[in-house]
2 protein chains.
Amino acid sequence: MDTSPRRRATRTKLYEAAVTLIAEKGFSSTTVDEIAERAGVAKGTVYYNFASKNELFEELLRHGVGMLAQSLQQAADTALADNGTRVDALDSMIRAGLEFIDRYPAFTQLYVAELWRTNRAWQSTLRTLRRQVVTVVEDVLRDAVATGELNDEIDVQLTASALVGMVLVAALDWQAFQPERSVDDIHAALSLLLQGRVSGS
Amino acid sequence: MDTSPRRRATRTKLYEAAVTLIAEKGFSSTTVDEIAERAGVAKGTVYYNFASKNELFEELLRHGVGMLAQSLQQAADTALADNGTRVDALDSMIRAGLEFIDRYPAFTQLYVAELWRTNRAWQSTLRTLRRQVVTVVEDVLRDAVATGELNDEIDVQLTASALVGMVLVAALDWQAFQPERSVDDIHAALSLLLQGRVSGS
DNA sequence: GGCATTGAACTGACCGGTCAGTTCAAAAAG
DNA sequence: CTTTTTGAACTGACCGGTCAGTTCAATGCC
């Protein structure tokens, strides 16, 4: 069963082992033997729990993106329930995104590395998952336009992409090149950009 | 000689073949045989021209990033020489970035996919190349702060990352999901974001 | 012009090694 | 007794890199 606690634990161990290895070396140079070894599990166990290396990876993606989308959605909901504006909601989502990346940097690396590839087996899976994330942002943007909080000339889809990209790249650079800085610090810098308070003194 | 016209042509063919294949499938699942085949060249020729698969890839990266950095720098210089503001220069760089991605989408995909990996042979090469690009943006930002054109509270490094990320992700999404749109169109949407004219009606 | 020589450039069959995936008997866990 | 894990053995495909041999444009010579 999927819900057997024992099996669940094994799968989680395999996810964790796979995510870091694949983030480091890429999917195809990561071997199943390595994954099993790092998870502290026999190779046969991998194939008892997943049909193939590919399937292990796809479920890993689903698992990670599910967590991210949920975390973003919750951030937006909380901000709005708390009498915040839509821009406050966006700001909360930026923070939630940063916290996610801080907690699961390997997953983020791997996601970015695979998202725009063509001709991959899991390409359609990945596109579906992308929508799951971007839609959350788009919805808030659309709402903000509807309520007059944002300029109605903005291109919702593209702006959502750009915002996601802003957070993604800034956060990955942060992790890679200035890991000593705090989430607050990074969040403040990006907030400034979101609020358009970059221009002008 | 490196400058032998024949060799030059062969190398160019190999770059072109390699860049699309690696963008599609990633470095390690792209085989040297495939690269040679697509370039219309024998496998031995690859090894006559490059010491290894790795070196071919590194030189490919150097080649591509060089073009990008030059194009960005030129955009900034032209805008400034044309009596533009620093923000105009940033806007021009956004456009130059979009045009580059439009012309070399495969290279961009590959760059993004490899940039944040750890434990890779070419990691240090890639970091050096990243600086080459980001520095151009940072310089303009710093200038803009010095002249009072931008808020002096901004974090130059992080803002530069964020801007690059914004363009990168928006452009890749554009290519992948709405390829029919024009550069002008995308540029306009991102300009709006840069100028902070998103907020307010 | 015709002919020989040179060597950079290219060729492609081949080799040693690696890896995904399969199988299974036996043990452990619950 | 059932479910899950173990771990080792095996297979067949694939792949990076090598190298002895071939091609051919340029050069020099008569």
Side-chain angles (χ1 to χ4, degrees), chain A residues 1-61 110 114 117 119-123 125, chain B residues 1-61 110 114 117 119-123 125:
Chain A
M1 254 301 148
D2 257 25
T3 42
S4 144
R6 193 175 169 204
R7 224 174 147 162
R8 224 184 158 68
T10 305
R11 282 180 178 234
T12 302
K13 279 194 292 181
L14 283 170
Y15 283 155
E16 280 166 12
V19 79
T20 54
L21 284 167
I22 296 178
E24 278 169 18
K25 326 176 19 168
F27 176 78
S28 30
S29 25
T30 300
T31 70
V32 174
D33 288 295
E34 279 174 323
I35 296 174
E37 191 195 343
R38 177 159 320 182
V41 138
K43 186 178 181 179
T45 305
V46 176
Y47 286 93
Y48 180 77
N49 282 279
F50 300 96
S52 65
K53 185 188 176 189
N54 260 291
E55 210 203 78
L56 163 57
F57 185 54
E58 285 203 30
E59 296 209 12
L60 176 60
L61 286 174
L110 165 170
E114 298 294 340
R117 285 211 195 299
N119 277 350
R120 286 306 238 169
W122 54 75
Q123 229 240 333
T125 303
Chain B
M1 256 301 145
D2 257 24
T3 42
S4 144
R6 191 174 172 201
R7 216 168 153 166
R8 227 184 155 67
T10 306
R11 281 179 179 234
T12 301
K13 277 194 294 181
L14 283 171
Y15 283 155
E16 280 165 10
V19 79
T20 53
L21 284 168
I22 296 178
E24 277 168 18
K25 325 176 19 167
F27 176 78
S28 31
S29 26
T30 299
T31 70
V32 175
D33 286 291
E34 279 174 322
I35 296 174
E37 191 194 345
R38 174 155 328 178
V41 137
K43 187 177 183 178
T45 305
V46 176
Y47 285 92
Y48 182 77
N49 282 279
F50 300 95
S52 65
K53 187 187 176 189
N54 260 292
E55 210 204 76
L56 163 57
F57 184 54
E58 285 202 30
E59 296 209 10
L60 178 59
L61 286 173
L110 162 171
E114 299 295 340
R117 280 208 199 302
N119 277 350
R120 286 306 237 168
W122 54 77
Q123 228 239 334
T125 303

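Order of the sequence lines sets the chain letters (A, B, ...), proteins ahead of strands, with each chain counted from 1.
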Axis bend over the full length of the helix from dG1(C)-dC30(D) to dG30(C)-dC1(D), computed from five pairs that close each end, to 10 degrees: 20°
Residues which pass side chain to side chain donor-acceptor pair (under 3.5 Å) with T10(A), listed by chain and number, not counting sequence neighbours: none
Using atom CZ of R8(A) as one end and atom P of dT5(D) as the other, report the distance to the nearest whole Å. 14 Å
Hits for side chain to side chain contact (heavy atoms under 4.5 Å, CB included) against T12(A), two or more places apart or cross-chain, chain-then-number order -> E16(A)
Distance-only criterion, 3.5 Å: show the donor-acceptor pairs between side-chain atoms of residues 50-57 of chain A and protein atoms not counting sequence neighbours.
from   : atom 1 : to     : atom 2 : distance (Å)
S52(A) : OG     : N54(A) : N      : 3.4
S52(A) : OG     : E55(A) : N      : 3.1
K53(A) : NZ     : F27(A) : O      : 3.1
K53(A) : NZ     : T30(A) : O      : 2.8

Please enumerate all protein N or O atoms sitting under 3.5 Å from an N or O of nucleotides 28-30 of chain C, with distances to 0.1 Å.
none

To check you understand the geometry: which heavy-atom pair defines the closest contact between Q123(B) and R117(B), and what is its length? NE2-O, 3.0 Å
Under the side chain to side chain contact (heavy atoms under 4.5 Å, CB included) test, which residues partner E37(B), sequence neighbours left out? none
Report the residues that fulfil side chain to side chain contact (heavy atoms under 4.5 Å, CB included) with T20(A), sequence neighbours left out, ordered by chain and then residue number. R38(A), A106(A)
R11(B) CZ to dA9(C) C1', straight-line distance once rounded to whole Å: 12 Å
Minimum heavy-atom separation for V41(B) to K13(B), with atom names? CG2-NZ, 4.0 Å
Please check the phosphate of dC10(C) (OP1 and OP2 only) for any side-chain N or O of T10(B) closer than 4.0 Å. yes
Quick one: side chain to side chain contact (heavy atoms under 4.5 Å, CB included) partners of Y47(A), sequence neighbours excluded? V32(A), K43(A)
Among dG17(D), dC10(C), dG7(D), which nucleotide has an atom closest to any side-chain atom of K43(B)? dG17(D)
Minimum-distance pair of heavy atoms, taken over all atoms of R7(A) and Y48(A): NH2-O, 3.1 Å
Heavy-atom pair of closest approach, residues L60(A) and A18(A): CD2-CB, 4.2 Å
By a strict heavy-atom criterion of less than 4.0 Å, which residues belonging to residues 44-56 of chain B are in contact with DNA chain C? G44(B), T45(B), Y48(B), N49(B)
Residues of residues 12-40 of chain A with any non-hydrogen atom less than 4.0 angstrom from an atom of DNA chain C: list those, numerically ordered, please. T30(A), T31(A), V32(A)
Heavy atoms of A17(B) and I35(B) approach each other most closely as CB-O, 3.6 Å
Residues R11(B) and N49(B): closest non-hydrogen pair is NH2-O, 2.9 Å
